[in-house]
Each structure stands twice: as C-alpha cells, then as structure tokens.
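Below you'll find the structure, written out as structure tokens, and then a few comments.
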Amino acid sequence: MHITMLGTGYVGLVSGACFSEFGFQVCCVDKNQDKIDNLKNNIMPIYEPGLESLVIKNKEAGRLTFSNNIDKEIQKADVVFIAVGTPTRRGDGHADLTYIYEAAEKIAKNLNGYTVIISKSTVPVGTGIEVKKIIEKINPNANFDIASNPEFLREGNAIEDFMRPDRVVVGIENNKAKEIISSIYKPLFLIETPILYTDLKTAELIKYSANAFLAVKISFINQMADLCEKVGADVHDVARGMGLDKRIGSKFLHPGPGYGGSCFPKDTLALIQTAKLYDTDISIVETVVKYNQKRKSDMADKIIKIFNGKTENKKISILGLAFKPETDDMRDSPALDIIPKLKKAGFKISAFDPVSMKEAKLLLNDIVFSENIEDCLKDAEALVILTEWNEFRGLTASKLKQLMNGNILIDLRNALNPENFNDSEFTLIQIGRPTKNKIIINQ
Ligand code: NAD
C-alpha cells in the first residue's frame, strides 16, 4: 500500500510519520519547496514533541519519503490523503477551500488506477461531494472513491493523539473504500480504538461539532471564572466539582485568556456560516465566538486596570506567546490580541516563549524578544503569563524577587501555585481565584 500525503503541515507531517510507523510506505508532498527540502535534511518545519525522531527513524527505515513531485506521487498512490489548510476566508468567516480544490484538481489530473482519496482536512459539510464532482469533471474515466477522515490530534500531543486516539471517524460511500481504510487503521483497531464509519457529510460535521462544543465548554468555564472573581469563589474548585460529574467530564474546564490556535477560532466561524447557509439556529456558537474575541481584549483591559491606568513606560514581562504549550503555533494566539493593546496603552514589553519566538517575531512588532526567562523578567514591574509552559510553573518568589522590580504577577493561565506566594511580597492575580495580597504599583 502506497500512501501519498498531500500537505506536510501539522496534520500531514504527523499523520504521514505515524502511518509510516504503522509500516506503510508513505510519501509526504507539499507545494512549499523549502519545507520538503528541509525535511529531506531532517529539519522539521514545526515544533512537535517526538516528531523529529519519528520522522528520522522512518526515513532511515525507507518507509517515509518527502517529495515536491506531487504529480508523480499521486500517480504512484493507492491512497491519497488531503491534509492542506482550510483557513478562514478573508471577510466572511467561511472556510477557504482554495487549497482543497487545488488539491482536487491536481489529484484528478494524475490518478492512475483505483485510488481512495481521503480528506483529513477540516472541511464544511458537502465538501467531499464537491471534491468528487471536480475530479469526475476533469477526469471522467478516473477510478476512485472519496472518504472523509477528520483529524482530531492536538498540537503539542499530536503523536500520542494519533497513535492512541479516543476514536477514528471515517465517512465513506461504499465497502471497497471502507476495506482499504480499515486496513490502514488496523493497528488502532488492534488496540481497541473505536472506529466510527458514517456517510461523508456526517463525518465532516462531527469534526465541526466536536471543536465547537469544546469552544463552548472553554468559554463556559471562562464566564464562570469571571463570576468567581466577583463573588470571591475559586473557579478551580468549581471546575473540579463540575468535572467529577461523568456527564460533564473534567477536560476543557480550565479557565484562561480565551481560546486560540489554528482550529477553534476558524472552525467555529465556519460552522456559523454553514448554519447560515442552511438557515439553522447556531446562536450558542455565535455567542461563544463573540465572547471569546471580547475576552482577549478584556484581558488586556484587566492588566491596564491593575496598573490604575498608569501604564506609560511601565515594563512588563510576558512569558508565553504560543496559543498553548508544547507548540510553536502562533495562529490566533491570545498574545496577538493582548500584546498590541498593552503596547498601545504605553507599556514597555519584553517577551519570551521557549519555542515560538521565530513565529512571534513575524507577527508582533515593537517589543523586546528576550533570550530567556531571566532576561525577560529583569527589572519588570509585572509578570504576565500567557502560555502555561511547564518551565514557568516552577518560578519561585525568591527567584522573581532577584529579577523583578515590581511585585505583580498576572497569571492568565493559572500556572503558578498560589501557595508558593502566600507569604511573599508578591501579589498573584489569577483567573477566577481570589487575590490575597495587596497590589503595590511602583511609581
Ligand atoms: P498547515 O497550514 O500546517 O499545513 C498545510 C500544508 O499544506 C502547508 O504546508 C501547505 O504548503 C500545504 N499545501 C497547501 N496546498 C497544497 C497543495 N495543493 N498541494 C500540496 N500541499 C499543499 O495546516 P494544518 O494545521 O496541518 O491543518 C491542515 C488541516 O487539518 C486543516 O483543515 C485543519 O483545520 C485540520 N486540522 C488541523 C489540526 C491542527 O492541530 N493543526 C488538527 C486537526 C485538524
């Protein structure tokens, strides 16, 4: 079985490497020449724990290759996965399907013998059928089936998620494609992973429902956190008390500055557009999208308010820029909303993230990018934690005292243990938790 992975980004590269680890012959192709050249030289285009060693291992075993010759690799394939991006279309919130349709045309022109074409990209309901029509129009004699296999991996934990997923969803039109896909996922079947076969449209919709539901869950706990702050309750205990109820579950009940990343923001917007097209009420998701956008801006206001508006030339240190730990992905990271607003308010900002600095430098202007945590914190009036990297969790009052000028810790991820700061001169402000010490602003 020869698998061609069209698109070598977070999903394509991880899936390609994992399928080769299952023992299949996989070629990852991409229209970005540099990406493929780098991968041939073992240079990863993204930061993802465990990815580099998995790629190198399978390359050396001869099962994983990289190529820019997309035409040739489609001709050789028994299975073509589409793993290209589906960003938000500028101006209207729909998923931009340009890359999907480009891929469909490319596939149509190069199909050679029976091939199963499987979309791993997140695409609006009906896109699979559209891809099929494009291929049939360009190549009426093509012998192929179409399938939808939405990907649920999380950046930062992508390999584990791929190798041990909660479930695999497969939308198919007939048994011939089902047999091939079930042979690809046989290693997961052996570890009793539930594999859910549906029709194409249902599979496409499952992905959007799952992401939108998680966005709702995060926003719910964020709103509860706001209420906890007002009434003096602790949102962590509220979340624990809720999460122990098996009907609710404890995951995605961690408050923060609003969700970001490459999926939730664009997928919630796209789902709203789909609902509009079909004249269906999806007001829950609409509310969440609006609230989440406002929340990021509110977080900047919260920081400005802590300084009583005396923000001009105050130095604050931002730890964490990526939308979550263990990734360098900056797409829709809350940092991109919060930092510019703080800049505008007059703060002098230094920032540090363990892996996303290269990406961040392309997106954020006029701030100091520090080499390490210590440089970042030097002489700061306040520390703001925007991403909960493990290495920030261990910061102690004595270390911070050595480095900082002020005594304010604004932890928008609740990464620090409040007990470690109880008897210190620091004021620790977290999300949805009571603040114990008095705030002192250095003039
Ligand atoms: P990405 O932007 O990291 O990678 C997409 C890659 O496709 C790029 O390298 C691009 O050059 C390449 N490409 C675009 N058009 C191409 C073409 N015609 N031929 C060959 N290569 C082409 O995107 P991603 O984050 O991997 O996401 C891919 C899809 O998977 C999206 O639909 C996304 O919503 C979905 N998804 C992403 C994640 C995630 O965590 N990133 C998780 C689940 C699902």
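Numbering of ligands and ligand atoms starts at 1, following listing order. Only this structure's heavy atoms are used, side chains among them; waters, hydrogens and symmetry mates stay out.
- Proximity to Lys207 (heavy-atom distance under 4.0 Å) selects the following atoms of ligand 1: 43 (C), 44 (C).
- No side-chain heavy atom of Ile172 sits less than 4.5 Å from a side-chain heavy atom of Val116.
- With rounding to the nearest 0.5 angstrom, the NZ atom of Lys296 is 8.0 Å from the CG atom of Leu336.
- Under 4.0 angstrom from ligand 1, there are no non-hydrogen atoms of Glu48.
- For the residues Leu97, Ile100, Asp30, Leu153, the heavy atom positioned nearest atom 8 (C) of ligand 1 is part of Asp30.
- Listed here is the closest heavy atom pair of Thr115 and Val80: CG2-CG2, 3.9 Å.
- Closest heavy-atom contact between Gly16 and Leu64: O-CD1, 4.0 Å.
- The distance criterion of under 3.5 Å between nitrogen or oxygen atoms is not met by Asp329 with respect to ligand 1.
- By the 3.5 Å distance cut-off applied to N or O atoms, Glu151 is not counted among the residues near ligand 1.
- Listed by number with element, the atoms of ligand 1 under 4.0 angstrom from any heavy atom of Gly85 are 5 (C).
- Side chains of Val14 and Glu151 form no contact here, defined as non-hydrogen atoms less than 4.5 Å apart.
- Residues Glu155 and Val11 fail the side-chain proximity criterion, which asks for heavy atoms closer than 4.5 Å.
- At least one heavy atom of Arg331 sits less than 4.0 Å from an atom of ligand 1.
- By the criterion of a heavy-atom distance under 4.0 Å, the side chain of Lys35, and not its backbone, is placed next to ligand 1.
- At a 4.0 Å heavy-atom cut-off, ligand 1 touches Ser262 through the side chain alone.
- Below 30°, between 30° and 60°, or above 60°: for Tyr185 and Phe162 the angle between ring planes is between 30° and 60°, a tilted geometry.
- Close approach to Glu155 involves these atoms of ligand 1, each under 4.0 Å from a residue heavy atom: 39 (C), 40 (O), 41 (N).
- Between Ile117 and Leu111, some side-chain heavy-atom pair lies under the 4.5 Å cut-off.
- Per-residue contacts place Lys266 under 4.0 angstrom from the following atoms of ligand 1 (heavy atoms of the residue considered): 33 (C), 34 (O).
- Within the 4.5 Å cutoff, the side chain of Glu391 has heavy atoms near those of the Pro354 side chain.
- Taking a cut-off of under 4.0 Å to the non-hydrogen atoms of Val11, the atoms of ligand 1 that pass are 26 (O), 30 (O), 36 (N), 37 (C), 38 (C), 42 (C), 43 (C), 44 (C).
- If you check which protein heavy atom lies closest to atom 7 (O) of ligand 1, you get Gly7 CA, 3.4 Å.
- In this structure, Asp329 and Ile46 have side chains that are not in contact, with every pair of non-hydrogen atoms separated by 4.5 Å or more.
- Among all protein heavy atoms, the one lying closest to atom 21 (N) of ligand 1 is Lys31 N, 3.3 Å.
- The protein heavy-atom contact nearest to atom 4 (O) of ligand 1 is Gly9 CA, 3.2 Å.
- Side chains of Ile303 and Leu412 form a contact here, defined as non-hydrogen atoms less than 4.5 Å apart.
- Heavy-atom contacts of Glu102 reach the following atoms of ligand 1: 18 (N) (cutoff under 4.0 Å).
- What sits closest to atom 19 (N) of ligand 1 on the protein, heavy atoms only, is Ile70 CD1, 3.9 Å.
- The side chain to side chain contact (heavy atoms under 4.5 Å, CB included) test with Phe66 is passed by exactly one of Asp30, Val26, Ile36: Ile36.
- Protein heavy atom at the shortest distance from atom 28 (C) of ligand 1 is Val84 O, 3.4 Å.
- Regarding atom 35 (C) of ligand 1, its nearest protein heavy-atom neighbour is Thr122 OG1, 3.5 Å.
- When non-hydrogen atoms are compared, ligand 1 lies under 4.0 Å from neither the backbone nor the side chain of Lys106.
- Residue Cys263 places no N or O, backbone or side chain, under 3.5 Å from any N or O of ligand 1.
- Heavy atoms of Ala83 found under 4.0 angstrom from ligand 1 belong exclusively to the backbone.
- If you number the atoms of ligand 1 from 1 as listed, the ones under 4.0 Å from a heavy atom of Thr86 come out as 31 (C), 32 (O), 34 (O).
- If you check the side chains of Ser67 and Asn69, you find no donor sitting under 3.5 Å from an acceptor.
- By the 4.5 Å heavy-atom criterion applied to side chains, Ser219 and Tyr259 are counted as neighbours.
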